[in-house]
Amino acid sequence: MRHGHRFTLVAGTAIATVGLLCGAAAAGAAPSGGAAAPSGGAAAPSGSGGTTPAEVRVNQVGYPTGSPKVAFAMLPGQVGQVGFTVSAGGRVVFRGRSSADAGPWNAAYRAVYRLDFTGLRRTGTYRITIRAGGATAVSPAFAVASPAALYHRLVLNGVRYFTSERDGAAVRHSVLQREPANLTDRHALVYQDPRYDSNDNLLGTFHRIGGPVDVSGGWFDAGGGYEKFAYTASYADGLLLLAARDFPGTYPTLAAEAGFGLRWLAKLWRPASKVLYIQVGIGNGNASNTIQGDYNFWFLPQAEDRMDVKPGGNPGPSAYFVKYRPVFPAAAPGAQVSPEFAGRFAADFALGAQLSAATARQHAEHLLSLARGIYAMAQTSHVSSIITTFPHDYYPGTEWKSTMLWGADEIALADEALGAPARQVRADLAVAAHWARAYIAQGHPAGGDTLNLYDNGAIGEAELLQAMRQAGGTPAVAPQTLLADMAAQLRVAEGLAAGDPFGLGIVLGQGDATPHAFGLAVTDALYQHYGGSAAYQAFAQQQLDFALGANGWGSSFVVGAGDTYPHCMQSEIANLAGSLTGRAPIQVGATSDGPSGIGNFVGLGTVPGMRACRAGDFKPFDTKTTGYEDNVVSWPSVEPAADYTAISTLAFALGAAG
């Protein structure tokens, strides 16, 4: 699956439906700032000589000393062998040859050779030089180092991304000069859930049903807008809370940022009235533009509070719901809520309880009470569809049993942390085991999903293994059953990787490539940690390699990681408060989708106020089905998102731990 954002954009008098925040500069505006071309690994075939230069693709962050190490040579055609050297400071430290052609990439690059240099374990900074068929090429620099040396900084960068995306009063001005924003959310009004047509145009108007309520704070959902979605925030914060729990004290900013996210989620669940709020703000307005949405504007977030929405003001009454953002509930007070919300919120609150158990017991007990309360509100029978966001196809999720598993796990772990009676822990584990069996029964067909925003099964299974390990006694479900299912997910991805020269475990162009790659790395790390074999270690390393530069385009998809990474993200904050050159100040840690279906790049529009930015020339590396470009108009490639960055941050934390 992919992010299914759509919005209606007004350009002059024409209305066009285009991909989420496909902004560029206003019509006729000159580019602002300089968009430096990425250095290394992104050279395009020559247009004059008609020759296609060889390329070397590597993980630009680097390779752990004890891990498999594979780079790739992209060539215009097959050769007998590719000779290569790995050098540091002009001195060759490794020599190798490869005849392992992984298959064609596109019409220009009809052969991709795997270059295995796993035998190199000496730490240092290196480059690979290839010689094949009379052609030579040199890779970007990369490191061979300990896992902590490679990934520790990237975890902190991921946390900093979330800090840069804070809403409300508690922003950090030192991070991209953020200022307090959307303070109107302190007194927001609650409205009946909106309806949208098939083009994501709002139907009718809003009908107030409650409020005011304080829903200030939280994180923005993604780079191209300032709405706040409980669906993505509950997933993202759960992953940050997991990392904070499992690596205490290792990352000084992590626990505080995860706690910031949890405090906003706690504002959304009102146990007294048994109502859950799941969305603040709208991306899309109506087709006539008499009600505008967030995607009609491109500015820094504090500008929303400064809008004059009175008659005759600028921008006037049509932007009323951009300044005074509506709040939508998951269900009527006291009614059951969609199960993925109940499960993930329960997991978040119970993780918070685990983090607080040793130092703030009363607060931990309160959080555990919140977890139990919302978990009990889950609708788990006759679930024909789930609620995610408004409109639904921003995030077209369907799977929910994994979130019920995750929530039950964390409640059991919180009970253990607080010293609950054994009978209570056994009862919680029995609930988790029920949902584990239900999740496993769904199966993992060829081409099926793996760990990401839409499927949390690997996290749920790993946390159940941890809870049973801590509880002791007879396990509620056989650990081998859970490990076998995690292995099944990895095998599904391995099967898909067989069709990709760079070994990505998802079909390019058909889903969120980067978060799935990181999700597979997380799955294998958890699988091995809880007793699984090392059978998928090389495959998992290849997923990290892909996301960090060892792919057809030679770009890392994490800002600040490697030599070539997005300079021109579709992020209002990065675009307006950061540089356009790839040099500081930038929105470090931001993780984007990377390559996307070629059809998603058609008809990209403009939003007044955006600084034009384009970096590099990646088009020569596109395939018939998949493209990538570093251009502020290109939401399919370079829009960062909370769920993308949370899974990369957890992957780096697990990677740093070895």
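What you see is a predicted model, and the numbers here were worked out from it, not measured in a lab.
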S.K.: Would you check if Met468 and Leu429 make a side-chain contact, meaning some heavy-atom pair closer than 4.5 Å?
M.R.: yes
S.K.: Using modelled atom types and a 3.5 Å cut-off, is there a donor and acceptor pairing between side-chain atoms of Ser648 and backbone atoms of Thr591?
M.R.: no
S.K.: Given the ring of Tyr231, does Arg344 sit roughly above its face, with NZ or CZ under 6.0 Å from the centre of the six-membered ring and within 45° of the axis?
M.R.: yes
S.K.: Can you see whether Gln587 engages Ser164 through a side-chain donor-acceptor pair at a distance of less than 3.5 angstrom?
M.R.: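 Ser164 and Gln587 do have a side-chain donor-acceptor pair below 3.5 Å.
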S.K.: Is there side-chain contact between Leu548 and Val558, with at least one heavy-atom pair below 4.5 Å?
M.R.: yes
S.K.: Using the ring centroid of each side chain, check whether Tyr191 and Phe321 are separated by less than 6.0 Å.
M.R.: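 Yes - the distance between ring centres of Tyr191 and Phe321 falls below the 6.0 Å cut-off.
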S.K.: Less than 3.5 Å apart, any donor N or O on the side chain of Gln354 or Glu416 sitting next to an acceptor on the other?
M.R.: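 Absent: no donor and acceptor within the cut-off.
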S.K.: Classify the ring geometry between Tyr395 and Phe229 as parallel (under 30°), tilted (30 to 60°) or perpendicular (over 60°).
M.R.: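 Ring orientation, 0 to 90° scale: perpendicular.
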S.K.: Can you name the closest pair of heavy atoms from His152 and Tyr251 and give their distance?
M.R.: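 Taking His152 first and Tyr251 second, the nearest heavy atoms are CD2-CE2, 3.2 Å.
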S.K.: For Tyr196, does the OH atom sit with more than 12 other heavy atoms under 6.0 Å from it, leaving out its own atoms?
M.R.: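 Above 12, so yes.
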S.K.: Between Asp512 and Tyr454, which heavy-atom pair has the shortest distance, and what is it?
M.R.: OD2-CE1, 4.3 Å
S.K.: Quick one: does Lys228's side chain have a donor or acceptor within less than 3.5 Å of a partner on Gly217's backbone?
M.R.: yes
S.K.: Are Trp400 and Trp435 an aromatic pair by the rule of ring centers under 6.0 Å?
M.R.: yes
S.K.: Counting the benzene-type ring for Trp, do Phe260 and Phe162 have ring centres under 6.0 Å apart?
M.R.: no
S.K.: Taking atom NZ of Lys267 as the centre, report whether more than 12 heavy atoms of other residues, nucleotides or ligands fall under 6.0 Å from it.
M.R.: yes
S.K.: Pair Glu227, Arg325 - check salt bridge (charged side-chain N to carboxylate O under 4.0 Å, His left out), show working.
M.R.: CA-CA 9 Å; Glu227 320 94 285; Arg325 308 197 298 181; over 6 Å; no
S.K.: Without swapping roles, check the side chain of Arg270 against the backbone of Ala272 for a donor-acceptor pair under 3.5 Å.
M.R.: no
S.K.: Counting only heavy atoms not in Arg195, do more than 12 sit closer than 6.0 Å to its CZ atom?
M.R.: no
S.K.: Give a yes or no on this: more than 12 heavy atoms of other residues, nucleotides or ligands lie within 6.0 Å of atom CZ of Arg172.
M.R.: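 No.
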S.K.: Can you label the angle between the Tyr151 ring and the Phe652 ring as parallel, tilted or perpendicular, going by 30° and 60°?
M.R.: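 Ring orientation, 0 to 90° scale: parallel.
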